Amino acid sequence: MTGIHSSGAKHLVVVSGRSHPDLAEDVANCLDIDLLPSTTYDFANGEIYVRYDESVRGCDAFVIQTHTPPVNKWLMESLIMIDALKRASAKRITVVAPFYPYARQDKKHKGREPISARLIADLYHQAGADRIMSVDLHAAQAQGFFDGPVDHLWAMPTLVEYVRTRIDPNETCVVSPDAGRIRVAEQWADRLGGTPLAFVHKTRDISRPNLAVANRVVGDVEGRTCILVDDLIDTGGTISEAVRVVLDAGAADVIVAATHGVLSDPAVKRLSESGAREVVITDTVPIPREKRFKNLTVLSISPVLARAIREVFDDGSVTSLFDGAH
């Protein structure tokens, strides 16, 4: 072969922002490495300072930063982290955003609105990111917003593996909280062995965020354990209403399963009083003590992130992690 070939081995580093340090530490532990030491702090006026305490020249760097309140601060911090890596001559920079910021603003509902999810992708690109990795994007087409590879990871296998231990598949029905998530519910049903499907018909006023009205269940849920599946729970209004409607339709009990537990107020009160037997989420965003309630189960997403990071670093197949399902 022509050219010059280095004798040096590839070098992987994982960098953590401050939004969810426990998750980054768990990912590093799964990879059997330490997080890259760094110095990060806020100036008195709110500006953010980042410096890496070791050389990253020629490294394959993975920047782990999820987006929980204050979202804009953590987004700005991640952009500064990327810029610092680029200026320090990192070879490839991958943004690992378990919960992608502004993901719900992925299209225009009305005139004169932004498509903020696209703007975020542009910001990552301009900062110097070569690749994005995220878990359960609100809409799959958001992968096309970034001019480079996007690894769209699934929490479904992790959630299904746990939920399977909590049900009798012969007495179960998978329920989508709205018509738009039916495809996800179908995939859940397939993984559980072909359980029946149903969905909750609801209406939403696009001028009023976080407000939806669940009307009725389409499908037979009577006497069954219903698994309500969604990508995220924010204020809990949609999913709590869906639990009520499903129970009113004769369901024996309900398990809620979602990837991102944002749990903005009053979600904890709504979910704990909804009548659901259990609410199962992952730790793509931190779940502080005050947001944990008796029937909440939090599963670790770090093994999924760690395996995906390793596949990317080894130039392997991320798709293979999900049985070729996507």
Side-chain angles (χ1 to χ4, degrees), residues 9-38 40 52-54 56 58-68 74 77-78 81-82 85 90-101 103 124 129-137 143 146 148-164 191 231-232 257-261 280-287 297-326:
K10 293 172 65 178
H11 185 196
L12 182 155
V13 296
V14 174
V15 182
S16 174
R18 292 179 293 171
S19 68
H20 199 350
D22 290 344
L23 177 62
E25 191 69 47
D26 289 345
V27 170
N29 288 338
C30 289
L31 291 166
D32 198 24
I33 62 173
D34 294 324
L35 293 171
L36 182 73
S38 60
T40 308
Y52 301 111
D53 300 336
E54 296 178 0
V56 295
C59 289
D60 205 340
F62 294 82
V63 180
I64 300 180
Q65 180 85 307
T66 198
H67 294 86
T68 187
W74 301 138
E77 181 175 281
S78 63
M81 292 165 67
I82 295 164
L85 286 166
K91 183 177 182 180
R92 181 169 61 170
I93 302 169
T94 299
V95 171
V96 183
F99 182 46
Y100 188 89
Y124 282 143
D130 301 294
R131 189 182 197 105
I132 292 177
M133 183 179 294
S134 192
V135 182
D136 286 344
L137 292 166
Q143 295 172 83
F146 183 71
V150 176
D151 298 304
H152 188 196
L153 311 182
W154 280 9
M156 186 188 300
T158 301
L159 291 164
V160 169
E161 182 179 356
Y162 174 80
V163 169
R164 187 181 282 115
R191 287 176 178 264
D231 62 327
L232 69 94
T259 302
H260 310 295
V280 186
I281 58 176
T282 73
D283 62 348
T284 55
V285 297
I287 312 296
T297 299
V298 182
L299 306 178
S300 176
I301 200 66
S302 55
V304 174
L305 295 173
R307 290 197 301 269
I309 287 171
R310 187 73 211 203
E311 288 293 336
V312 169
F313 177 66
D314 291 335
D315 297 320
S317 171
V318 174
T319 302
S320 67
L321 300 178
F322 306 100
D323 302 322
H326 81 298

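What you see is a predicted model; the values in this text were computed from it and never measured.
- H152 approaches L137 most closely through the heavy-atom pair NE2-N, 2.7 Å.
- Closest approach of C59 to H11, counting heavy atoms only: SG-ND1, 3.2 Å.
- Within the 4.5 Å cutoff, no side-chain heavy atoms of L305 are placed close to those of I64.
- For G17 against M81, the heavy-atom pair with the smallest separation is N-CE, 3.5 Å.
- Residues P157 and F322 approach most closely at CG-CD2, 3.9 Å, considering heavy atoms.
- V304 has its side chain out of reach of L321: every pair of non-hydrogen atoms, C-beta onward, lies at least 4.5 Å apart.
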TODO: Please assess S317 against T319 for the test side chain to side chain donor-acceptor pair (under 3.5 Å), listing each intermediate value before the final yes or no.
DONE: CA-CA 5 Å; S317 171; T319 302; 4.5 Å; no

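- Contact of the H67 side chain with the S19 side chain is not registered, since no non-hydrogen atoms from C-beta on lie closer than 4.5 Å.
- Minimum heavy-atom separation, Q65 to E77: NE2-OE2, 3.0 Å.
- Within the 4.5 Å cutoff, no side-chain heavy atoms of T68 are placed close to those of F99.
- Closest non-hydrogen pair, T282 versus T259, comes out as OG1-O, 2.7 Å.
- Looking only at side-chain heavy atoms (C-beta outward), I309 and T94 stay at 4.5 Å or farther from each other.
- Within the 4.5 Å cutoff, side-chain heavy atoms of D136 are placed close to those of W154.
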Side-chain donor-acceptor pairs under 3.5 Å in residues 20-33, sequence neighbours left out?
{"residue": "H20", "atom": "NE2", "partner": "D283", "partner atom": "O", "Å": "2.9"}
{"residue": "N29", "atom": "ND2", "partner": "E25", "partner atom": "O", "Å": "3.3"}

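- Between V312 and R92 there is a side-chain heavy-atom pair separated by less than 4.5 Å.
- Under the side-chain contact (heavy atoms from CB on, under 4.5 Å) rule, T66 has a single partner from I301, V285, V96, which is V285.
- Not a single ring pair (Phe, Tyr, Trp, His ring centres under 6.0 Å) links Y100 to another residue, sequence neighbours left out.
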